[in-house]
Amino acid sequence: MSEIGTHYDERSPIADELRDGQVHMWYWYDEEDQVPLRDAVHRITRKVTDTLGLRSGERLLDAGCGPGETAVFLAKRYGAEVTGITLSGYELDQAERRSAANGVAHLTRFERADYMELPFDDGSFDAVLALESLQNAPDPARVFAEFLRVLRPGGRVSFSDFSLESAREPERVATFMSTLKLPQLPTLGEWLEYATAAGFEIEEYTQCGPRVYGRKSKYIKAALEQREELLAKFGQAALDEFARRHHGFFVPRKDQIGYVIVSARKPRG
Ligand SMILES: C[S@@+](CC[C@H](N)C(=O)[O-])C[C@H]1O[C@@H](n2cnc3c(N)ncnc32)[C@H](O)[C@@H]1O
């Protein structure tokens, strides 16, 4: 697991800068949509977390919290008590800094922990969020079993992630997977099956890949517009290395990679 921690230690600083503390995808309605990258990324934060139906004071586990922007947003917007976990020391420091800077440190706590083996008691959360973090799970079935265990009866889980949409040209998909360190790339049906096999009841799902991975050319354009800013902060060598490592992300055809948002509930018993 330390390999994944290092992956995010190395990747997140530039990704964080580009996307304002949200190390995840974007959502653009069409090619003419002029919303800036940071706002397009925030649309995903909102779309995924809306499906949780959070209420004030609820206890949320943000499993794979990145540099903390999502936790801060949820603490501010809902007054939720957010516990964020990540494998990356860089993300942990950033999450704590960001939470304090936004005045919500009393509502958030962050830990370095593995979602395969959660250090929390049974039934200790009202909701669990996994925003693009299950993609790195060596054993998704085990992670869903852990989510079920730490949720109270009636608690909710929402997750979003990539899905496999076409088995044609598998070598393109293999390059994508090794770039992002994905042990598997489930179809929407397989994602739903992981959740139901663990004991969850599916309540909602969306496939919005064409507005997410399908808009990768808009992302490239937006990232290039921030080039001078990034250059001043990180230097040419770091930018070149980031581009070299992420080349494989762009290799699949637009219609090969989907994006699913799923919300499910632990039965009330
Ligand atoms: C693509 S980033 C998404 C971060 C954040 N949810 C966001 O949307 O900005 C994936 C996150 O999953 C975390 N992660 C991956 N494997 C994990 C594991 N086994 N246990 C805990 N966190 C994990 C990484 O540390 C990272 O924070």
Side-chain angles (χ1 to χ4, degrees), residues 1-27 37-52 60-75 82-96 98-99 108-120 125 127-147 150 157-163 176-177 179-185 212-213 219 242 245-246 249 257 259-262:
M1 280 300 98
S2 62
E3 191 202 348
I4 294 292
T6 308
H7 172 67
Y8 285 104
D9 282 347
E10 292 172 356
R11 176 186 162 199
S12 291
I14 293 180
D16 180 351
E17 181 72 21
L18 271 168
R19 305 181 217 171
D20 204 16
Q22 307 161 97
V23 184
H24 62 244
M25 298 294 282
W26 47 80
Y27 184 104
L37 175 61
R38 283 163 202 220
D39 296 345
V41 173
H42 196 67
R43 277 180 178 158
I44 289 286
T45 310
R46 282 205 319 273
K47 284 183 89 70
V48 179
T49 59
D50 270 1
T51 67
L52 282 167
L60 171 77
L61 173 64
D62 184 0
C65 62
E69 179 59 25
T70 306
V72 166
F73 167 70
L74 295 174
V82 187
T83 300
I85 62 163
T86 171
L87 294 177
S88 156
Y90 166 82
E91 291 184 346
L92 199 58
D93 290 348
Q94 287 301 306
E96 280 167 352
R98 188 168 255 117
S99 171
T108 62
R109 70 189 169 114
F110 299 96
E111 290 180 34
R112 195 196 297 248
D114 189 341
Y115 52 36
M116 300 269 288
E117 214 164 338
L118 290 169
F120 307 115
F125 293 99
V128 174
L129 171 69
L131 209 173
E132 277 177 51
S133 60
L134 293 174
Q135 57 185 252
N136 300 121
D139 181 359
R142 179 163 167 177
V143 184
F144 279 106
E146 278 293 84
F147 288 173
V150 300
V157 62
S158 289
F159 64 94
S160 66
D161 228 301
F162 300 114
S163 62
F176 176 86
M177 291 174 67
T179 300
L180 295 187
K181 305 218 179 298
L182 313 185
Q184 69 284 307
L185 181 57
V212 181
Y213 192 77
Y219 168 74
F242 185 77
R245 285 194 188 199
H246 285 80
F249 172 83
I257 307 295
Y259 194 85
V260 303
I261 302 173
V262 179

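The first residue of the sequence shown is numbered 1, and numbering continues consecutively from there. One-based numbering, in listed order, for ligands and for the atoms of each.
- In terms of heavy-atom proximity, His7 sits nearest to Thr179 at CE1-O, 3.7 Å.
- Close approach of ligand 1 to His24 is summarised as follows: ligand atoms under 4.0 Å from at least one heavy atom of the residue are 7 (C), 8 (O), 9 (O).
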Inset, instruction - Please assess Tyr219 against Phe249 for the test ring pair (Phe, Tyr, Trp, His ring centres under 6.0 Å), listing each intermediate value before the final yes or no. - result: CA-CA 12 Å; Tyr219 168 74; Phe249 172 83; 7.0 Å; no
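- At least one N or O atom of Glu91 sits closer than 3.5 Å to an N or O atom of ligand 1.
- Between Ile85 and ligand 1, no pair of N/O atoms sits closer than 3.5 Å.
- When each atom of ligand 1 is checked for a heavy atom of Asn136 under 4.0 Å away, the hits are 15 (C), 16 (N).
- Of the listed options Ala63, Gly5, Ala113, Ala113 places a heavy atom closest to atom 21 (C) of ligand 1.
- Taking the six-membered ring wherever Trp is involved, the centroid distance between the rings of Tyr213 and Tyr259 does not fall below 6.0 Å.
- At under 3.5 Å, not a single nitrogen or oxygen of Pro67, backbone or side chain, sits near a nitrogen or oxygen of ligand 1.
- Some N or O of Thr86 is nearer than 3.5 Å to an N or O of ligand 1, by distance alone.
- Using a cut-off of 4.0 Å between Lys/Arg side-chain N and Asp/Glu carboxylate O, Arg109 and Glu96 are scored as not salt-bridged.
- Below 3.5 Å of separation, one finds an N or O of Asp114 facing an N or O of ligand 1.
- For the residue pair Gln22 / Thr45, a side-chain donor-acceptor distance below 3.5 Å is found, with atom types taken as modelled.
- With a heavy-atom cut-off of 4.0 Å, Leu87 touches ligand 1 through backbone and side chain alike.
- Aromatic pair Tyr8/Tyr90: ring centres not closer than 6.0 Å.
- Between Met116 and ligand 1, no pair of N/O atoms sits closer than 3.5 Å.
- Looking only at distances, a side-chain donor or acceptor of Arg98 sits under 3.5 Å from a matching main-chain atom of Pro67.
- The nearest pair of heavy atoms linking Ala63 to Ser133 is O-OG, 2.6 Å.
- The option with the heavy atom closest to atom 20 (N) of ligand 1, from among Phe159, Tyr90, Tyr115, is Tyr115.
- Here the shortest heavy-atom pairing between Asn136 and Leu180 reads ND2-O, 3.3 Å.
- Inclusion of Ile4 in the set of residues having an N or O under 3.5 Å from an N or O of ligand 1 is not warranted.
- For ligand 1, none of its N or O atoms has an N or O atom of Glu132 under 3.5 Å away.
- Ligand-side atoms of ligand 1 in range of Gly66: 4 (C), 5 (C), 27 (O), range being under 4.0 angstrom from any heavy atom.
- Of all atoms in ligand 1, numbered sequentially from 1 with element shown, those under 4.0 Å from a heavy atom of Gln22 are 9 (O).
- Ring pair Tyr27/His42: centre-to-centre distance not below 6.0 Å.
- Residue contacts with ligand 1 for Cys65 involve N, CA, C or O but no side-chain atom from C-beta outward (heavy atoms, distance under 4.0 Å).
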